[in-house]
Structure formats: structure tokens, C-alpha cells
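In what follows, chains are A, B, ... by sequence order, proteins preceding strands, each numbered from 1. As the structure is a prediction and not an experimental result, all values here were calculated from the model.
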There are 4 protein chains.
Amino acid sequence: MKKKYAIIKTACRLFADQGFEGTSTLQISREAGATEPLIFYHFAGKDALFTFILETSFAEYFIRLDALPESTATQFEKIENIISMHLEFVKEMPHETKLIVSTCPAKLKDPDHICADNFARLRERIISYLTECLSIGIKSGEFRKMPVSDTANILIALINGLVRQKVHKLSNVCDVRESAVSFCRFSLVNS
Amino acid sequence: MKKKYAIIKTACRLFADQGFEGTSTLQISREAGATEPLIFYHFAGKDALFTFILETSFAEYFIRLDALPESTATQFEKIENIISMHLEFVKEMPHETKLIVSTCPAKLKDPDHICADNFARLRERIISYLTECLSIGIKSGEFRKMPVSDTANILIALINGLVRQKVHKLSNVCDVRESAVSFCRFSLVNS
Amino acid sequence: MKKKYAIIKTACRLFADQGFEGTSTLQISREAGATEPLIFYHFAGKDALFTFILETSFAEYFIRLDALPESTATQFEKIENIISMHLEFVKEMPHETKLIVSTCPAKLKDPDHICADNFARLRERIISYLTECLSIGIKSGEFRKMPVSDTANILIALINGLVRQKVHKLSNVCDVRESAVSFCRFSLVNS
Amino acid sequence: MKKKYAIIKTACRLFADQGFEGTSTLQISREAGATEPLIFYHFAGKDALFTFILETSFAEYFIRLDALPESTATQFEKIENIISMHLEFVKEMPHETKLIVSTCPAKLKDPDHICADNFARLRERIISYLTECLSIGIKSGEFRKMPVSDTANILIALINGLVRQKVHKLSNVCDVRESAVSFCRFSLVNS
DNA sequence: CATGAATGAGCGTTCATTCAT
DNA sequence: AATGAATGAACGCTCATTCAT
């Protein structure tokens, strides 16, 4: 049973680092300290293992998304929260994050793949989250007037970009969180 | 000679859509209307074909980067220019862009791979471009006071995120360019 | 103990339908409502299970062969008896019969295999049975003059063919027994 | 190209002797003096190779069936012809015959498999052939009165049984043809 | 008796690549 | 410039079998 866990952990790391097609079941088994057939004893196949890991990662992501406080003093706090949440997620679960953000494009082309569905739900959730707090903030005068939908997309792009920098360890700056939040505050909040 | 071109075009599209490991030389040859050995006649191997396409794409990218006007009325104009450049690049060369932004992670792990080198140079170029205009803008009072390095990273993240949205056709908003530029303006420019 | 019986029954059916190599121990265990290792608890291995079933089937066959009445009014009655016996056997034990008549050829090639031995004994028994009653019948004038050995072979071929038709449910005629017996009578019995 | 032929010949022999599941592609390639992947270069897969050989064998069989003379002096000559044809077929193409008569039962269970279709057509052809000449023979008084359909089935069973004996080299009598024809003559022809 | 976990060996198949033509 | 034939290596996966419990 420990070996099953080792397989999952190892597969997650390797899939994230080398992609689905670039990772062989033999490599997974070896680095997990198991034999190849054991993977097929615990999972229906390589695809099923991949899907399981992806779904687990998405589930954890959705949990964190759901855990964001609903009522805050200001709307901007909600923006700040979702940015922080993402940067924490990538710090705590780097492999899972990498897997989600760089899932082999081939898998995304297939609209039936479980990944496509999760991806769509994920975007929808964030967009509605951002759209809502932007709308409220603009109406209350907390935020400047701005196109809500576009701005939501821009914020997602920014978050996505920051997550990727962390995931690929490209930003040598240890923590850009403060600056990023500050960047958004200037852009959004009325002064 | 036409077939060589067809091979390159097809390979570029397939590598971008399915990744390096997910694309077989047989598939490339078939979709290009050629036979498999022809690929090896024109290129040393699958790796060489991939590298060639990647370098060509990077070269085109660098050309556009070099073509950005050096002296502008304001420093923000330079920011605007580099944003626009990227969005145009992805529109005009979608496959090449997709290839660059989602190059199989396996290839990036190898520091000797040509891709890693290009990636590093690319980041360096953009960072120095942004750092310079941010520094000048701050000194001249055009921009607010802000941490230069962090802000450069944030801008890169934003651009990267926007490019990805376009590449994966995720932003149903046809053109977020205006909004994105506006978003940055509020954040950077002194009012 | 019930499970052991279920394993035997299931294995017999599957071996008959799919052949030895075409049937996996996993499939047997599942369809028998047991787990795979249980097969190896009750039998030394897949081969042993197969051999056991085959020998049991052969044993049952030999019992019926031995039960044929030795003294009959006419010699043709003996011919009729052996034909009927075979058709009853296939009706009552279809899987066992199928297993015997279509035992995977691979097993027959090995002269050491238990199946080869049983097969040889079986043929010998039937041939001597037929040879004897043909010889007596010809001598007594009940049968025409005919080559005894050849005719025995022909009768075996006919029986074998009829059994196969029943086993594979090919003869849409429900019962060809009467006609078959009649067919032989005309050919053998002096008129 | 010679290797392709060798693969076909070898595969035919091995499939006939060991069954489909009992024969590995590696064994085929080795005994054919080729490498394993070559099989997959020439055929879509193991199944396709098997199907090709089976269809070729059936085709040859149908050719011989079609070549049987349509008009003969007596109806019994037609019976004799079809018996002889089968015994010649098994002598000239032993592997192909063995393959046809002992095609792995697993393949027959699938009604979509090409083998099932050919098997059905084959039976239909022979049955109509026999039914016709029996009907005519009975009407003209050449044959005794007898149930036509049953007798056709019996003749098929007999032929099938004889062919199997030859295929498995069980009949140590070199040629039972004469005796078999004689056996049938007594049973069918009016005296 | 019975099972969940695990394995070495082998399976059919695809891979990038080569070579003679 | 281009191809049909061929290959060594590796792939994902299933096999019969074992073992600790």
C-alpha cells in the first residue's frame, strides 16, 4: 500500500517534469521502488494513473478555491486573497500545480478528457469570482470604472503567468506577491 | 523541396499541438504528404527537426523584439509596444508561438538544449528592455515609484498569461489588448 | 469447496469455448466468483487444472464406453449403440465434449502430454470395438464384405463429424441419429 | 518481399499447429528468418495477418469448390467428386486445411469475424451442392429414398471427419478414399 | 480456505532510424 | 530527391505465479 502511494507521488512528479508521453511506466515504477506491473495492478493503465493524479490535484485546488472567505471588508481583499491562494498552492504542491498548468496539450485537444472538463469548470469559477467582486467594487466606487470581463481575463492571465514563473523557478525574486498585489491595487482601486 | 517545407510546417503544427514526444515522425511524414525517411534525408533526426523549427521560431521572435522602436515619446509607449508585439506575434504565427510557450518540459530540463539557451536570452532581453524603461520612467517621474525588478517580472507574467490565453483560444474576448494596456497604465503611470 | 467446483465448471466451459491459451486464470477466477490465487491453492497451476478437467472428461467418456453392452442380438446393434452413446455424451456434457474434440492442438503435439495418451487409448478402444464387430458381422454374413480397418476409420470419422456438428450447434436438424444409423445400415448390412 | 512470403508461410503453419493465441509474433518472425517489427510493417497486426491467411485459404478452397464439374453422368459421381476434392485439398495444402478446420474457437464465437462469414458460406455451398444432387438422384431413381437434408449433413460430417483424420495424420491407412466412396455408394445408390 | 499485493517473463505494438535502390 | 524494406530498442500491458497474512 505504501508502494501505491510511492507510485502516485513519483508519477505526479515525473508527469509534471517530463509530460505524459515523455514519462514511461517503467521509469515511474523504478523511481517509485516498485515493479512495472504493480502500476497496472493498482490502476487500469497509464492513462488512468494520469487521470487519477490530475483529478486529485484539481480536487485539492477546488478545495482551496472554496475555502476563500466570502465576505471581506473590501472587494480588493478578495482579489488579494485569490492571488495569494494561487501562490501558496504552487509553493505547497509544486508538482501538482505544474501538472495542472502544463498538462500535455494533446490531452486538452480531446474534449472528452477529464482534464478539459476540470479546466473549464476552473476557469468558470475564477471568472465568476472575479467578475462578481469587480462588479460590486465598481458599483460601490471602490474600483475605477473598467470593462469587467476584460479585466477578469487580465487578472487570470497575470495569476497564471505568476504561477508559471514560480513553477518553473524562473523568478529569482523569492516573493513577488507584495509587488503583484500592489500592482493590481494601483490599477483597480480608486485613489 | 516543397516537401521539405511541408515537413517543417506540419511538424511545427503537430509539435505545438501534441508536444514533442506525442508526435511521431510517421505522423509528420504522412500529414506532410511525404515518406518517413525523407525527414531523415533533410534533417539529422527528429531532435534536429524540432530544434530547427524552434530556432526558426525564436529567430522570428528576436527579429520582432529588435524591431521595436528604441526611442519613443513616453516610456509607457515602450511598454505598450512590447505588449502589442506579443499579441501580434501569437496572431500571425500561432503554431510557432504555441511551440515556444509550451515546449515540452523535458527539453527544458536539459540545460544544454538549444531551447534553454534561447529561453534564457529571451527573458534577459525582455527583462532588460522593461527594466530600462521602468527605471527611466521612474526617474523622470512618468511612472510611480516601484520595485523595478519585481514589476518587470509581473509585466512578463502578464504578457505570458495573455499570450497563452490567445494561443489556447481561451479568451473569448476578441481583443483584450486595449484593456490590458489600460490596466498597466493605471498601475504604472503617475496621475 | 463450492468454489473449487465453480472453478472447475467455469474453467471447463472457458477452455472449451476459448481454448487453453485463450483463457486466462484471471478470467476463470472472476467468472467463477473466486480470486486468482485460489486456483493455485487447489491446483498446481493452469496446466494442472486443464489436465484435471481433461482427464475427468476422458474418464467419464471411458465409463460410457465400458458401459456399452457387450453381447447384442446383431453386430449392427453394437454400431448403433456406439453412435448413440456419442450423441448422448455430447448432449449431456457439451463442454466436456467440446474440450475433448477441440483440445488445443499445441497440447497434442507434445507426446508426453496426458491428452495425447488418452487420445491414443480412446482411438484404440473404439477401433478395436468396431474392428471386432465388423469382423464378426462379415464372417457371420450379417455385413457385406468390406475392408475392416478402413471401414472402422470411416465410421470413426462419421461419428467424429456428427459430434462436432452437435458441439458447434451447426446441424439445425435436431436429431440426425436415426438418419445416421440408417445411413450406416444401408452401407454395412447385407440385404 | 521474400520475407513477407516467409512470414505468411510460417505464420500459416504455426497458427495451424499451435492455434492463434498459442503462437507469438516473435516465434513467427524468428522461424521466418525476419525480425518481429517486420510483421507489423507488412500487416496491421497479428489479427490482420491471421485474417489474411485465413481468407487466402478460404479463397483457395472456394476456387476448388467452384471448379467441380457441374454435369456428370451420374449424381453419385458428384458425391465422389466432392469427397475427392476435400481429400486432395488436405493433401496439397495441409496447413491451410488444418487452419480452416481447427480455427481457434474463440474466433468463431465472434459473429463479426471474417471467419464466421466464410464458414457460413462454405457450409451453405456444400449443403446446396449435396442437397441438389441428392434430390435429383432420388427423383431419377439413382438413389434410394432418404431424408435429403439429414443425409447432406451426414455426408458433410463424414467428409469433415475424414479431412480431420488426414490433417492430424491419424489414419495410418494411406488412402481411405476408395473405401469411403464405396461406403457411401452402398448407402445411397439403389441396387 | 481465501485474499490483496506483488513480480519476472513475455506479449503485441510503435518508435526513431538506416540502407539499398 | 525520394522511397520500400527492414531493424534494435523501447513502449504499455497481461500473463501465470508467489507470498505474507
In whole angstroms, the gap separating C1' of dA6(E) from CZ of R30(A) amounts to 17 Å
Closest to the 5' end of DNA chain E, once A34(C) and T35(A) are matched to their nearest nucleotides, is A34(C)
Taken to the nearest whole Å, OH/Y5(A) to P/dA6(E) is 16 Å
Here the distance between atom P of dA16(F) and atom CZ of F50(C), to the nearest Å, is 13 Å
With sequence neighbours left out, the residues meeting salt bridge (Lys or Arg N to Asp or Glu O under 4.0 Å) with E60(C) are R64(C)
Sequence neighbours excluded, the answer for ring pair (Phe, Tyr, Trp, His ring centres under 6.0 Å) partners of F52(A) is F43(A)
If the cut-off is 4.0 Å, is Y41(D) near the phosphate of dA5(F), judged by side-chain N/O to OP1 or OP2?
yes
Atom CD1 of I28(B) and atom C1' of dC15(E) are separated, to the nearest Å, by 12 Å
OG1 (T10(C)) and OH (Y5(C)) are apart, to the nearest 0.5 Å, by 10.0 Å
Quick check on dG4(F): is either OP1 or OP2 less than 4.0 Å from any side-chain nitrogen or oxygen of H42(D)?
no
Using nucleotides 16-20 of chain E, report all nitrogen or oxygen pairs with the protein that are shorter than 3.5 Å.
{"unit_1": "dA16(E)", "atom_1": "OP1", "unit_2": "T23(B)", "atom_2": "O", "d": "3.4"}
{"unit_1": "dA16(E)", "atom_1": "OP1", "unit_2": "K46(B)", "atom_2": "NZ", "d": "2.8"}
{"unit_1": "dA16(E)", "atom_1": "OP2", "unit_2": "T25(B)", "atom_2": "N", "d": "3.0"}
{"unit_1": "dA16(E)", "atom_1": "OP2", "unit_2": "T25(B)", "atom_2": "OG1", "d": "3.0"}
{"unit_1": "dT17(E)", "atom_1": "OP2", "unit_2": "K46(B)", "atom_2": "N", "d": "2.7"}

Residue set satisfying ring pair (Phe, Tyr, Trp, His ring centres under 6.0 Å) with Y61(D), at least two apart, ordered chain then number -> H86(D), F89(D)
Hits for ring pair (Phe, Tyr, Trp, His ring centres under 6.0 Å) against F40(C), two or more places apart or cross-chain, chain-then-number order -> none
From CD1 of I7(A) across to P of dG4(E) the rounded distance in Å is 17 Å
Residue set satisfying salt bridge (Lys or Arg N to Asp or Glu O under 4.0 Å) with K9(C), at least two apart, ordered chain then number -> E96(C)
**OP:** Would you please confirm or rule out a distance under 4.0 Å between OP1 or OP2 of dT3(E) and any side-chain N or O of K3(C)?
**Re:** yes
In whole angstroms, the gap separating P of dA5(E) from CD1 of I8(A) amounts to 12 Å
Salt bridge (Lys or Arg N to Asp or Glu O under 4.0 Å) filter on E31(B), not counting sequence neighbours, yields R13(B)
| said: Could you check whether any side-chain heavy atom of L54(D) comes within less than 4.5 Å of a side-chain heavy atom of N118(D), counting everything from C-beta outward? | reply: no
Between CG of L38(A) and P of dT14(F) the distance, given in whole Å, is 14 Å
Note: for G33(B) and K4(D) on DNA chain F, the residue whose nearest nucleotide lies more 5' is G33(B)
Whole-Å distance, L49(B) CG to dC15(E) C1', equals 15 Å
Any stem touching DNA chain F, meaning at least three consecutive Watson-Crick or G-U pairs under 3.5 Å, ordered by first number, would be E:2-21 with F:2-21
Across all chains, not counting sequence neighbours, the side chain to side chain contact (heavy atoms under 4.5 Å, CB included) partners of E36(A) are T25(A), L26(A), S29(A)
